[in-house]
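These notes are about the structure you will find just below.
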Amino acid sequence: MSEKQTKELERVTIRFAGDSGDGMQLTGSQFTDTTALAGNDLITLPDYPAEIRAPAGTLYGVSGFQIQFSSHPVHTPGDEPDVLVAMNPAALKVNLKILRDNGIIIVNTDSFTERNLKLAGYETNPLEDDSLKGYQVFPVKITTLTREALKDSPLKLKDKDRSKNFFALGITYWLFTRSMDATLDWIKTKFKKHPEVVEANITALNAGYNFAHSTEIFATHYRISKAKKRPGTYRNVTGNEATAIGFIAAAMRADKELFLGSYPITPASDILHELSKYRNYGVKTFQAEDEIAGIGSALGASYAGDVAITTTSGPGIALKSEFMGLAVMTELPLVIVNVQRGGPSTGLPTKTEQADLLQVLYGRNGEAPIPVIAADSPADCFRAAYEAVQVAFKYTTPVVMLSDGYIANGAEPWYLPKIEDLPEIEIEYATNPENYSPYSRDPKTLARHIAIPGTPGMEHRIGGLEKDDSGNVSYDPDNHDRMIRLRAEKVQKVNDFVKQPQIDGPEKGDLLIVSWGSTYGAVFNAIEEIREKGKNTVSWIHLRWINPLPKTLGKYIHNFKKVLVPEINMGQLLRVIRAEYLVDAQGFNKVRGLPLNTHDIVDAIESQLKG
Amino acid sequence: MALNIQHTDPSKLTRDDFTSNQETRWCPGCGDYSILAQMKKVLPDLGVPKENIVIVSGIGCSSRFPYYVDAFGIHSIHGRAPAIASGIKLANPELKVFVMTGDGDGLSIGGNHFIHLCRRNIDITVVLFNNEIYGLTKGQYSPTSLKGQVTKSSPYGTIENPFNPIRMALASGATFVARSIDREAKHLVEILRRAAEHKGVSFVEVYQNCVIFNDGAFSELTDPKTKKDHVVYLEDGKPMIFGQNNDKALDWKCNSYEIRDLNKNSNTDDLLIHDESSGHAAAEFALASLHEIPGMPTPIGVFRDDKSEETYEEGLINQMHEVTEKKGKGTLEQLLYSGKTYTIE
Ligand code: SF4
């Protein structure tokens, strides 16, 4: 065995890719947990097909999991992987184009059969021709070696082969000098009902690690030091998990039960799954018969005094929109979560997009304004969910919380807040029958005085018809005009409560970037890169609330020669900004079902600065 | 979540306590008036504090109902009342929740919610005003309009088969299923009372005359000259006897009903006894479909009263208790600081 070197690295992006049945998502999340426990900062990007078990070996069946980790802050899952683990030719073919030059490729050579090569559209074997020149290729007979390691296992050959992802994981653990403890523990709990599977997976993991250690193929392994992060307790979460926890925390702080009415839809279902585990936290999950009943039941629960939410993705919002209008009209607190995915129609269910912004802002009949908050990273979903509940109650209004496929499934370390730092949520219902009228308002917030069923003397009727202040149905033209303005004004008042976004950079200059939602990380990196290049006339505002728009945005926008709005859509916030501020803002738009790349944003900024 | 407040005393409630300050705006002579009048007789007798009564409706003539009763109420959107009502009941199981709906609201646009409400057995009372026509939108055919019926949207007669609401509710698993008629005040009040007192989902179809767009749809069943031959009243534990002189009976033969002429065979001992809780699917469905067979009477009364099923909210509450017992009541600390946490110094 030759001497092995250890090299210190600052930042690595690795991508695991294979068939949807190869367990790549599981491999990736194990690698992620281990990396988080090792103290690195990280962000992940699961990237999988809509088919549950797409035919093996096909290009469209390739499932990928990418993670960037570092001893420094990480804001994106990385533009270009440094390391690609390709379990078959299709995985290689699909991902090669994004791999950085001279990147590492670890391939399972056993899967490079004639049939698989053909399925992937390779005329000749890329491992045997010149096509991988310019990369560091590490060919490993992963299937053969896994079978060899498991030769004493009682499992059938087919089941033994299912352990090969652990062999691959073992290789990467050695490559990045990781402890295997967390994964060993996980295997033991996860498969505890099948001791022979526990045995096989552990053996395969160890075999992969030892193989990498002893083989001559790998001469170097790498070490990434702990990130210098804010001291405190952390936990690795996906956006969907953080969303669920945020709502539970808000309901507990409000001393209320949480009601979720929801219908399963990718990529929002994990919020339903997560919340359904928390029965002992007073969480009621109601899997409704459709999207409409999901929001309808939630609105009913809100009316009767629960903290109520509904979760969905764009197609579900389309179905819920009539109820969203009723929530506006009845002025009941309700949070509607839209985990955006590729559209239109069924679109790209498992991919990310920001193309539902105009839908949630305007996609209802009549004048029906709803406050809209957008989370900017997986862990930020916790804060966004919490804040959405605060606003919904403070202003007696439905609130839309926007997330997207990328941050919903992606994970990052979450700095856990101290319990005492979670703001109180005070919910006060009207209980005094004297002169009660259901549409009387708090003069400061314009919130209506809600009385919930079960409160003596407060019986009243509300509904979808236009009302006057007394709560009676009114067809009076002036009343209708006044009520429409009141409801709009109430939404604007949300600005009195929520934190206004800070401008990053000088208050005047050549270019202002305005962004929202999950592009936060990529824009952050782009701004950093631009400033490193010495261009100091670029500033940035990232919007958290998109309705209402920040009070100061208008002022800043007019302080800059140019405005650039990068989005994963065809320019939706861009339209809002152009209409609102009468400014010739420009968009940077890519709608590929993937997060924006940092270097693309850098290029867009540079071309704005030039032009 | 239940409130910690002193409830009003339900024993003192009267009909007048439920009269709202709103003027009723149904057409004069509409069958809805009778349903409202009977409901107001039932509500004070339920032993439920007034503030715990919630009436939810969708859109349609029938759905104006909440405005006319002084209780909590939501006049919502078309077809969706069951969804809202479900959320209300699950948020606060102490509430007595009613859904007032019609044949269009409940069975057309809201058909999906209706069947799922039935199967879940949430403790909600659904009253369906069946007038076999769309009233509020001025006279189009509804999902219960008879095949061939001439309406504004079917000038040459409908070519659709109607729904049978009772059969739908039975098939969807409702645990209390009954039918009554707007004109039969005494019967209606009794059925509404039993429905309201039933634990679990209760469904009442009320034949309701729309004087404007479908007048006389049920006249055979209400006209004193014809009704005795056309209506058979269902009474638990009794044979099903009807006819001008109580001279006809329903006889269960080879899995279907036949009419026995009691003038020819006066023996009633071997007749099938109506059993609301038999759970006998074939008999239930045959009874629900009876009036679709020419020459057969229309059954009025309780088709099914099954008290054995757990309600959805009982199941939910039990589950919450069980999980809490096993895992302990969750705290904010546990919520946040669980899973694989790690510390950075
Ligand atoms: S249209 Fe028919 S159902 Fe509607 S109120 Fe008038 S009579 Fe009653």
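Chain letters run A, B, ... following the sequence lines, proteins first and then strands; every chain starts at 1.
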Gap separating the CD1 atom of B:Ile53 from the CD atom of A:Glu459, nearest 0.5 angstrom: 9.0 Å
A:Arg461 to B:Tyr67, cation-pi by 6.0 Å centre distance and 45° axis angle: no
Winner by heavy-atom pair count (cut-off under 4.5 Å) against chain B, out of A:Ser302, A:Gly294, A:Gly296, A:Pro413: A:Gly296
A:Tyr436 side chain to A:His449 side chain, donor-acceptor N/O pair below 3.5 angstrom: no
Engaged part of B:Glu322 at the chain A interface, taking heavy atoms whose separation is under 4.5 Å: neither
Toward chain A, the part of B:Tyr312 with a non-hydrogen atom under 4.5 Å: side chain
Aromatic plane relationship, B:His198 with B:Phe176 - under 30° parallel, 30 to 60° tilted, over 60° perpendicular: tilted
Pairwise distance OG(B:Ser63) to CE(B:Met100) - rounded to 0.5 angstrom: 9.5 Å
Partner chain A: residue of B:Leu332, B:Asn21, B:Thr8, B:Asn52 with the largest heavy-atom pair count (under 4.5 Å): B:Leu332
Interchain contact, B:Pro66 with chain A, by part (heavy-atom threshold 4.5 Å): both
Which portion of B:Leu336 sits near chain A, non-hydrogen atoms under 4.5 angstrom: both
Atom group of B:Thr331 that falls short of 4.5 Å from chain A, counting heavy atoms: backbone
Winner by heavy-atom pair count (cut-off under 4.5 Å) against chain A, out of B:Gly79, B:Gly328, B:Ser86: B:Gly328
Which atoms of B:Glu333 approach chain A - backbone, side chain, both or neither, heavy atom under 4.5 Å: both
Residue selection (most heavy-atom pairs with chain A, distance under 4.5 Å) from B:Arg120, B:Lys326, B:Lys89: B:Arg120
Most chain B-contacting option - heavy-atom pairs closer than 4.5 Å, from A:Arg279, A:Arg230, A:Lys226: A:Arg279
Portion of B:Val69 that has a non-hydrogen atom of chain A nearer than 4.5 angstrom: backbone
A:Tyr263, OH atom: more than 12 neighbouring heavy atoms under 6.0 Å: no
Plane angle bin for B:Phe65 and B:Trp26 - parallel if under 30°, tilted between 30 and 60°, otherwise perpendicular: tilted
Greatest number of heavy atom pairs closer than 4.5 Å to chain A - which of B:Ile115, B:Ile77, B:Thr324: B:Ile77
A:His460/B:Phe72 aromatic ring centres below 6.0 Å: yes
